[in-house]
Colleague: 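Pasting a structure here, questions to come.
To find a chain, count down the sequence lines: A is the first, B the second, and so on, and within it residues start at 1. As a basis for the values below, the full set of heavy atoms in this structure was taken, side chains included, without hydrogen atoms, waters or symmetry mates. As the structure is a computational prediction, the values presented were derived from the model and not from experiment.
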Protein chains: 2
Amino acid sequence: MEKKYYKIEDVSIKTGLTKRAIRYYEDLNLIAPKRTDSGYRLYTDEDIDKIQKIISLKESLGFSLAEIKAALELDKNVKNILSGESADITTIDNYIDMIKEQIKLINEKSNKLLTAKQRFEELLLKLNKLKDQFKEADTI
Amino acid sequence: MEKKYYKIEDVSIKTGLTKRAIRYYEDLNLIAPKRTDSGYRLYTDEDIDKIQKIISLKESLGFSLAEIKAALELDKNVKNILSGESADITTIDNYIDMIKEQIKLINEKSNKLLTAKQRFEELLLKLNKLKDQFKEADTI
DNA sequence: GTTAACATTAACGTCAAGGTTAATGTAAAA
DNA sequence: TTTTACATTAACCTTGACGTTAATGTTAAC
């Protein structure tokens, strides 16, 4: 099957990022699209997936682009090892520790999110009660 | 009971923020400490709690300081209403909608965090299996 | 009473993450 | 074939969130 290629404007529409932002991510070596002979950028579906992943990490985790780069590289290195690339046990242990660290970070954020959510839900509950009182008063 | 007051350096130590950042938050009207006659800032425990809340919102939700200000004001307005401040039903409905919006946002972030976490946990599992294979090979 | 360790404001600097503009090249459509 | 709608790089601009420095005031310790 032939690979489909997208030009930057399509990618911009698909992802919601501006063209400037997409080029900027390339400057930071977060993505590396192919080029036509005349220099136009050509993006595959995998490139677009990666951009979506970047957006998700940015928005949900509040990661900086530098942190995202590190996380993506960790992911890639681990996948290379899993698909057969040679590695010694020390390296593997290192990656295990790094992944555990990421998971720990995510758990901390999750807990904080949960706390914030609960505070808002309490307020919501109380406001709804207040509203009910209003309605009762109207019908008396 | 007498209220205890802290000077900016103590607050800096307690919160981990720099004095510059603490003053900056005041510029943005996120906090409003009292002052001594000579102009020194005086922070109460409640001020410090609020700063901790700001830090938490910043780090977990990735909120900007402007967004944090809006969230804190929403929280304060709702609490004022709940403690007796007069309000009509339209206002209450408005606040209910705003809180629901916040909760929705938080849920979206939670889901993304969960996805990211699962991806890392999968990698961790696979890496641990690989490590076990290494150990078996050693003992043969 | 003076020195050290705090505090203040004001102003300029910095860094990340893009926005914007300019000058120019390429591809597709009329 | 010449617009029109794309694309490119380069360079400077902007905004948020502070850092840093300077000039100066205050308080506590000696």
Colleague: In whole angstrom, what separates I8(A)'s CD1 from dA5(D)'s P?
Modeller: 19 Å
Colleague: Name the residue closer to the 5' end of DNA chain D, choosing between A21(B) and S38(B) according to the nucleotide with the nearest heavy atom.
Modeller: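 Per heavy-atom nearest nucleotide, the more 5' residue is A21(B).
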Colleague: How many whole angstroms separate atom OH of Y40(A) from atom C1' of dA7(D)?
Modeller: 3 Å
Colleague: Strictly below 4.0 Å: does R35(B) bring a side-chain N or O up to OP1 or OP2 of dT9(C)?
Modeller: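 Checking R35(B) against dT9(C): at least one side-chain N or O falls below 4.0 Å of OP1 or OP2.
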Colleague: Closer than 4.0 Å, any side-chain N/O of K7(B) to the OP1 or OP2 of dT8(C)?
Modeller: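 No, K7(B) has no side-chain N/O under 4.0 Å of OP1/OP2 on dT8(C).
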Colleague: Can you tell me if T44(B) uses its side chain to pair, donor with acceptor, with the backbone of Y5(B) under 3.5 Å?
Modeller: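 Not a single qualifying donor-acceptor pair exists.
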Colleague: Between C1' on dG16(D) and CG on L28(B), what's the gap in Å once rounded to a whole number?
Modeller: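 Rounded to whole Å, this separation is 9 Å.
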Colleague: Between T18(A) and dG19(C), does any side-chain N or O lie under 4.0 Å from OP1 or OP2?
Modeller: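 For T18(A), the contact criterion (side-chain N or O under 4.0 Å from OP1 or OP2 of dG19(C)) is met.
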Colleague: Across the strands shown, which category fits T36(A) at heavy-atom distances under 4.0 angstrom: base, sugar-phosphate, nothing?
Modeller: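 It contacts nothing in the nucleic acid.
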Colleague: OP1 or OP2 of dA16(C) less than 4.0 angstrom from a side-chain nitrogen or oxygen of K69(A), does that happen here?
Modeller: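 Looking at the OP1 and OP2 atoms of dA16(C), neither is under 4.0 Å from any side-chain N or O of K69(A).
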Colleague: Between L30(B) (CG) and dG16(D) (P), how many Å, whole number?
Modeller: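 Distance, rounded to whole Å: 13 Å.
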Colleague: Determine: side-chain N/O of R20(B) to OP1/OP2 of dT9(C), distance under 4.0 Å, yes or no.
Modeller: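 No, outside the criterion.
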Colleague: When the distance from CZ of F63(B) to P of dG16(D) is rounded to whole Å, what number comes out?
Modeller: 17 Å
Colleague: Using atom types as modelled and distance alone, determine if a side-chain donor or acceptor of K109(B) lies under 3.5 Å from a backbone N or O of E59(A).
Modeller: yes
Colleague: Establish, from distance only, whether the side-chain atoms of Y6(A) and D47(A) form a donor-acceptor pair under 3.5 Å.
Modeller: no
Colleague: How long is the line joining CG of L42(A) and P of dC6(D), in whole Å?
Modeller: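 Rounded to the whole Å, the gap is 17 Å.
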Colleague: Is any side-chain N or O of Y24(B) under 3.5 Å from a base N or O of dG19(D), one able to act as donor and the other as acceptor?
Modeller: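 Such a pair does not exist between side chain and base.
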Colleague: Under 3.5 Å, is there a donor-acceptor pair between the T91(A) and D88(A) side chains?
Modeller: yes
Colleague: Could you tell me the separation between the CD1 atom of I96(B) and the CD1 atom of I89(B), rounded to the nearest 0.5 Å?
Modeller: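 Interatomic distance, I96(B) CD1 to I89(B) CD1, rounded to 0.5 Å: 8.0 Å.
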Colleague: Can you check whether R41(A) has a side-chain N or O nearer than 4.0 Å to OP1 or OP2 of dT9(D)?
Modeller: yes
Colleague: Rounded to the nearest Å, what distance is computed from the CG atom of residue L17(B) to the C1' atom of nucleotide dG19(D)?
Modeller: 14 Å
Colleague: Between dC6(C) atom P and Y6(B) atom OH, what is the distance in whole Å?
Modeller: 18 Å
Colleague: Please check the phosphate of dA7(C) (OP1 and OP2 only) for any side-chain N or O of K19(B) closer than 4.0 Å.
Modeller: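 Yes, such a contact exists.
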